[in-house]
There are 2 protein chains.
Amino acid sequence: MKQKDNKTEEAILQVARKAFIQKGLTGARMQDIADGAGINKALVHYYFESKEKLFALIFQQEFRKFFSNLAAVLSADICLFDKIQEIVALDIERISQFPDMPLFVLNEISRNPTMMVKQFKQLQAKNVLAGFQQQIDAEVKKGIIRKISAQQLLINIQSLSIFPFVAKPMIRKVMQMTEKQYQEMIQARKKEVAQFIINAIKA
Amino acid sequence: MKQKDNKTEEAILQVARKAFIQKGLTGARMQDIADGAGINKALVHYYFESKEKLFALIFQQEFRKFFSNLAAVLSADICLFDKIQEIVALDIERISQFPDMPLFVLNEISRNPTMMVKQFKQLQAKNVLAGFQQQIDAEVKKGIIRKISAQQLLINIQSLSIFPFVAKPMIRKVMQMTEKQYQEMIQARKKEVAQFIINAIKA
DNA sequence: ATCCAGTTTAACCAAATGGTTAAATTCCTG
DNA sequence: CAGGAATTTAACCATTTGGTTAAACTGGAT
């Protein structure tokens with residue numbers, strides 16, 4: 001048989017990813033994806049059956065990026081302040097590589113919350129969160145930090161890390177930033193955000 | 001002539017708002033909007049010409065909510081800590097009334113950044129930001145707060161206020177929250193977020 | 001009652017869209 | 001080289017979609 005070169009399949013995925021992220025499920029066009037990949041539209045269906053299937057695949061991939069390594073760091077056996085620094089650095093660096101991923105994922109989850117269900121079974125977030133809360137409580141007891149719930153702290157960390165990417169066009173316009181200035185602002189956050197959070201909770 | 005009752009026009013706007021916010025420009029269907037408003041599809045065009053015009057109108061309305069009163073508070077003659085508390089309270093309360101607005105606005109701006117340009121001419125954000133920076137610098141000089149740029153502080157405030165709404169379905173799933181628990185979490189943030197920020201910058 | 005502008009509808013339409021089919025091409029295997 | 005499975009294409013198809021048109025309706029003013 002003919003060698004199954006992933007080249008075509010890979011090209012489709014690459015173009016489709018860009019299309020779906022930029023225009024959403026309904027906005028993206030199968031014809032454009034085919035054209036972008038330099039192939040026939042029927043070939044897209046040959047490889048991925050339907051628009052929904054192709055979309056689901058890409059969503060799955062992006063979704064995994066969203067949580068990659070987060071659980072590991074949260075469960076790591078390091079002190080709270082280091083943990084915060086780790087999470088922030090991980091988040092910002094990861095998202096810097098896929099700047100459009102968060103808005104895409106959040107948007108599609110909001111449109112269709114059930115899509116997430118399958119992806120999420122393995123993540124058993126409940127234990128991770130409970131462990132994180134334990135660590136926080138211990139630090140509170142030692143008088144090192146103020147009282148705070150693991151939920152709120154985690155939301156704060158993720159908000160400060162992720163939101164600047166989600167709101168990039170808004171921020172650039174409101175603050176009249178060039179692309180370069182925006183990138184510098186993000187770089188600065190890599191250092192500042194963790195310290196901001198630590199200051200906020202330090203007793 | 002027949003009395004021009006805004007009833008029909010208003011009904012269309014209401015249904016269209018929900019449709020566009022939920023499904024986006026390409027996902028929403030004119031037929032569904034007409035059906036939802038209990039009228040003929042041609043009547044939607046009679047009142048609003050085209051899908052794009054109708055969408056632009058709704059985007060405009062939502063966009064204004066996004067920034068309502070923010071500039072006023074930022075320019076107000078009150079101390080920095082009070083200002084932070086004001087902004088957070090204003091943000092969270094306003095968005096609580098329109099929980100889907102931020103994701104919608106951010107999403108559509110990301111898809112089509114130019115749409116924002118017209119809306120934004122009047123906002124002259126540059127002056128407001130400069131004034132805010134002055135106030136910060138003054139407080140830094142007095143040794144009350146740590147050094148921070150107005151940009152970063154403002155982004156932090158908005159991140160902590162807005163992101164929990166943008167990520168609502170994600171948060172609810174990851175943290176296994178009921179709707180009620182989510183609402184309680186948001187209520188708690190009304191009080192906690194401002195204090196979190198103030199702690200973070202206090203010298 | 002008539003007129004008439006504003007309102008509403010049913011019936012259409014052209015274009016776009018996701019998807020299908022059957023034939024052609026490619027290239028490995030025997 | 002012949003056979004055949006995997007790959008690729010051009011031509012179609014049914015449906016959906018945004019939009020249009022011409023006719024009908026409504027209700028106040030003359």
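Chain letters run A, B, ... following the sequence lines, proteins first, then strands; residues in each count from 1. Because only heavy atoms are used, hydrogens play no part in the values below, and waters and symmetry mates are left out as well, while side chains stay in.
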[X] [atom1] to [N] [atom2]: how many Å, rounded?
X      : N       : atom1 : atom2 : answer
L43(A) : dT26(C) : CG    : P     : 14 Å
D32(A) : dA16(C) : CG    : C1'   : 11 Å
Y46(A) : dT21(C) : OH    : P     : 16 Å
I33(B) : dG19(D) : CD1   : C1'   : 14 Å
D35(A) : dT17(C) : CG    : C1'   : 13 Å
L54(A) : dG19(C) : CG    : C1'   : 14 Å

With sequence neighbours excluded, residues passing side-chain hydrogen bond (donor to acceptor under 3.5 Å, both in side chains) with Q151(B):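 None.
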
Whether N40(A) contacts dA10(D) is assessed here as follows: a side-chain N or O lying under 4.0 Å from the phosphate OP1 or OP2. Is that the case?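 Looking at the OP1 and OP2 atoms of dA10(D), one of them is under 4.0 Å from a side-chain N or O of N40(A).
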
Phosphate contact (dT8(D) OP1 or OP2) by Y47(A) side-chain N/O below 4.0 Å: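 True: Y47(A) side-chain N/O within range (under 4.0 Å) of dT8(D) OP1/OP2.
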
Counting only heavy atoms not in [X], do more than 12 fall under 6.0 Å of its [atom1]?
X       : atom1 : answer
E179(A) : CD    : yes
K65(B)  : NZ    : yes
E184(B) : CD    : yes

Under 3.5 Å side-chain donor-acceptor pair for Q152(A) and N156(A):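 No.
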
Looking only at the side chains, is there a donor atom on one of Q133(A) and D137(A) sitting less than 3.5 Å from an acceptor on the other?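 There is such a pair (donor and acceptor under 3.5 Å, judged by atom type) between the side chains of Q133(A) and D137(A).
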
Does the side chain of F104(B) reach to within under 4.5 Å of the side chain of E108(B), using non-hydrogen atoms?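 Yes, close enough: below the 4.5 Å cut-off.
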
Taking NZ, NE, NH1 and NH2 as the nitrogens, is one of them in K83(B) or E86(B) under 4.0 Å from a carboxylate oxygen of the other?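 Between E86(B) and K83(B) there is no salt bridge, as every charged N stays at least 4.0 Å from the carboxylate O atoms.
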
Expected rows: protein N/O vs nucleotides 12-18 of chain D N/O, under 3.5 Å:
| unit_1 | atom_1 | unit_2 | atom_2 | d |
| --- | --- | --- | --- | --- |
| dT17(D) | OP1 | R29(B) | NH1 | 2.7 |
| dG18(D) | OP1 | A28(B) | O | 3.3 |
| dG18(D) | OP1 | K51(B) | NZ | 2.7 |
| dG18(D) | OP2 | M30(B) | N | 3.2 |
| dG18(D) | N7 | K41(B) | NZ | 2.9 |

Distances for protein N or O near nucleotides 22-24 of chain D N or O, under 3.5 Å:
none

If you round to the nearest 0.5 Å, how far is CZ of R146(A) from CG of N199(B)?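 Interatomic distance, N199(B) CG to R146(A) CZ, rounded to 0.5 Å: 3.5 Å.
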
